[in-house]
**Q** 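Below you'll find the structure I mean.
Letters A, B, ... mirror the listed sequences (proteins, then strands); counts begin at 1. Scope of the values below: all heavy atoms of this structure, side chains included, with no hydrogens, waters or symmetry mates. None of the values given here were measured: they were computed from a predicted structure.
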There are 2 protein chains.
Amino acid sequence: MSVARVSRTSYHHGNLEEALITSAIKLIRKHGPDNLSLRAVASELGVSPSAAYHYFPDKDSLIHGVGDHLFAELTQMMEKSLEKFPGKNIKATKSRFREIGRAYFTWASKEPNLFRLLFGGFCSMDRGKSHKEDSSFKILEKTLDELVECGAMPKKLRPYGEVLAWTSVQGAVTLILEGHLPKSSFEDLLDGLELALGVR
Amino acid sequence: MSVARVSRTSYHHGNLEEALITSAIKLIRKHGPDNLSLRAVASELGVSPSAAYHYFPDKDSLIHGVGDHLFAELTQMMEKSLEKFPGKNIKATKSRFREIGRAYFTWASKEPNLFRLLFGGFCSMDRGKSHKEDSSFKILEKTLDELVECGAMPKKLRPYGEVLAWTSVQGAVTLILEGHLPKSSFEDLLDGLELALGVR
DNA sequence: CCATAATCTGAACATTATTCAGATCACTAA
DNA sequence: TTAGTGATCTGAATAATGTTCAGATTATGG
């Protein structure tokens, strides 16, 4: 795969570490995580292939860097999506619950290769760090609490809320992306999830 | 990566196509789907690298062959796991429902790299072929029908059963494999799934 | 302004996927 | 049995890749 070399004014790039990640994201988006080439990334930035090794010990490390960047971006995007439905009333709270899943699905649909990078075994999480610390998990927790608070969801079903909602949305996105379920299944899933969790 | 060459008696291998798949599975299991080397596969079989091109037009094609093989194996494994709980009574039927998910999870835990091959974007399904034709989907459908028949699950929740059960198990396995959820979450999920689907 | 450290280059090496001309073998027809 | 034909596999070649390292270039602090 040949990539056009980009010219550069100074010998030093200035912000190569960040540029490498940005460029890698661009190429992974286009060619998939398993087809990322370090040389192509360097070439895009008009930099020699070995320059990258000053910031990342190897290709895997760069990919992990990309993963961290994307996880943060994904969480931020989910937080922002909630702002569309402010308020403590039942309707708004239910909308927020749906919107979390939808935002996740929409992002993954637009960026299937980036989603694959995050969950296809290219960057596994550090063991020992609990998922409770995960910001996106906290968002879901909070929204479920609010559902119970405003009486839109029975307390009895609350304890299983996070895991059931999180896993089913994750699974639906995966299966739809890989062609095992039609896109239309996603709204069906949200319907079923609400019904099963007693959200009404 | 250097692999020991295996000797061969005859010039013709005899069953190279199948052997290539078997050998590829072995290496993917060990080194992950993104680290499969055609040359290593050939070397394992004591065959020249170019021999593979008589059966597969390229590496991707071999990987797809592996995927088909594994999907069939996975379905067969799930079917067999149901035989452990025969009978139409409530207890047996509920056990079968749980066992489908558990068998899936157990397989993925033992073979994380093979699971990643199947759902990490390495072999997407042919569009146009509906998931209804999928054998593993049919197994789940049948088991859910049996749950309703024996009165262990309300009819009202039945329509969402497949998608909810399938996606949540799929998602749980993915998230646990990539370190976003602890292993113990899986049994929690099954509990929650049963509670939410009204299985009792 | 100089010395030192940070940053980047260039050339090298081993490994990879892929191609293709030709060697080897199995099998059929005479 | 034997010649020939097509299937099967080899060997060598090419282009691309990750990675290393000695050295060139530049920024920076005294």
**Q** Could you state the NE2-P distance from His31(A) to dA16(D), rounded to the nearest angstrom?
**A**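 Answer to the nearest Å: 14 Å.
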**Q** Got a donor-acceptor contact below 3.5 angstrom from the Ser23(B) side chain to the Leu20(B) backbone?
**A**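 Such a contact is absent between Ser23(B) side chain and Leu20(B) backbone.
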**Q** Can you measure Phe56(A) atom CZ to dG18(D) atom P for me and round it to whole angstrom units?
**A**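 It is 14 Å, rounded to the nearest whole Å.
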**Q** Which nucleotide, dG18(D), dT10(D), dT18(C), lies nearest any side-chain atom of Asp58(B)?
**A**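 The listed nucleotide nearest to Asp58(B)'s side chain is dT18(C).
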**Q** Using atom CG of Asn35(A) as one end and atom P of dT18(C) as the other, report the distance to the nearest whole Å.
**A**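 Roughly 10 Å, once rounded to whole Å.
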**Q** Could you tell me whether Tyr55(A) contacts a base, only the sugar-phosphate backbone, or nothing, with contacts defined as non-hydrogen atoms closer than 4.0 Å?
**A**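 Sugar-phosphate contact only.
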**Q** Please confirm whether the backbone N or O of Met153(B) pairs with a side-chain atom of Arg158(B), one donor and one acceptor, at under 3.5 Å?
**A**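 Checking the backbone N and O of Met153(B) against the side chain of Arg158(B), no donor-acceptor pair under 3.5 Å is found.
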**Q** Give the rounded distance in Å between these two atoms: CG of Leu36(B) and C1' of dT15(C).
**A**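 It is 14 Å, rounded to the nearest whole Å.
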**Q** Can you find a side chain N or O atom of His54(A) that sits less than 4.0 Å from OP1 or OP2 on dC8(C)?
**A**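 Answer no for this pair, as no side-chain N or O of His54(A) is under 4.0 Å from OP1 or OP2.
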**Q** Can you tell me the distance, in whole Å, between the CG atom of Leu27(A) and the P atom of dT17(D)?
**A**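 Rounding to the nearest Å, CG of Leu27(A) and P of dT17(D) are 11 Å apart.
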**Q** Measure the distance from OH on Tyr53(A) to P on dC21(D) and round it to the nearest whole Å.
**A**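 The answer, rounded to whole Å, is 12 Å.
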**Q** Once you measure the plane-to-plane angle for His180(B) and Phe119(A), does it fall in the parallel (<30°), tilted (30-60°) or perpendicular (>60°) bin?
**A**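 Judged by the thresholds at 30° and 60°, the geometry between His180(B) and Phe119(A) is tilted.
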**Q** Under 3.5 Å, is there an N or O donor on one side and an acceptor on the other linking the side chain of Ser37(A) and the base of dG18(D)?
**A**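 Side chain to base: no pair present.
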**Q** Once you measure the plane-to-plane angle for Trp166(B) and Phe137(B), does it fall in the parallel (<30°), tilted (30-60°) or perpendicular (>60°) bin?
**A**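 Judged by the thresholds at 30° and 60°, the geometry between Trp166(B) and Phe137(B) is tilted.
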**Q** Does a side-chain N-to-carboxylate-O contact under 4.0 Å join Glu146(B) and Arg96(B)?
**A**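 A salt bridge links Glu146(B) with Arg96(B).
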**Q** Let me spell it out: for each of Pro49(A) and Leu38(B), pick the nucleotide of DNA chain C with the closest heavy atom. Which residue's pick is nearer the 5' end?
**A**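 Its nearest nucleotide being more 5', the pick is Pro49(A).
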**Q** Between dC9(D), dC21(D), dG18(D), which nucleotide gets closest to the side-chain atoms of Leu16(B)?
**A**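 Output: dC9(D).
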**Q** Rounded to whole angstroms, how far apart are CG on Asp34(B) and P on dT16(C)?
**A**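 Rounded to whole Å, this separation is 14 Å.
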**Q** Does Leu62(B) reach a base, just sugar-phosphate, or nothing at all? Heavy atoms under 4.0 Å.
**A**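 Leu62(B): no heavy atom of the nucleic acid under 4.0 Å.
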**Q** Tell me which of Ser50(A) and Ala52(B) sits closer to the 5' end of DNA chain D, going by the nucleotide each one is nearest to.
**A**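 Between the two, 5'-proximity favours Ala52(B).
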**Q** Where the side chain of Ser48(B) is defined as all heavy atoms beyond and including C-beta, which of dC8(C), dG11(D), dT19(D) is the nearest nucleotide?
**A**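 Of dC8(C), dG11(D), dT19(D), dG11(D) is nearest to the side chain of Ser48(B).
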**Q** Could you please name the option among dT20(D), dA17(C), dT10(D) that lies closest to any side-chain atom of Lys59(B)?
**A**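 Output: dA17(C).
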**Q** With distance as the sole criterion, do the side chain of Arg39(B) and the base of dA17(C) form a donor-acceptor contact below 3.5 Å?
**A**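 It does, because a donor-acceptor pair links the side chain of Arg39(B) to the base of dA17(C) below 3.5 Å.
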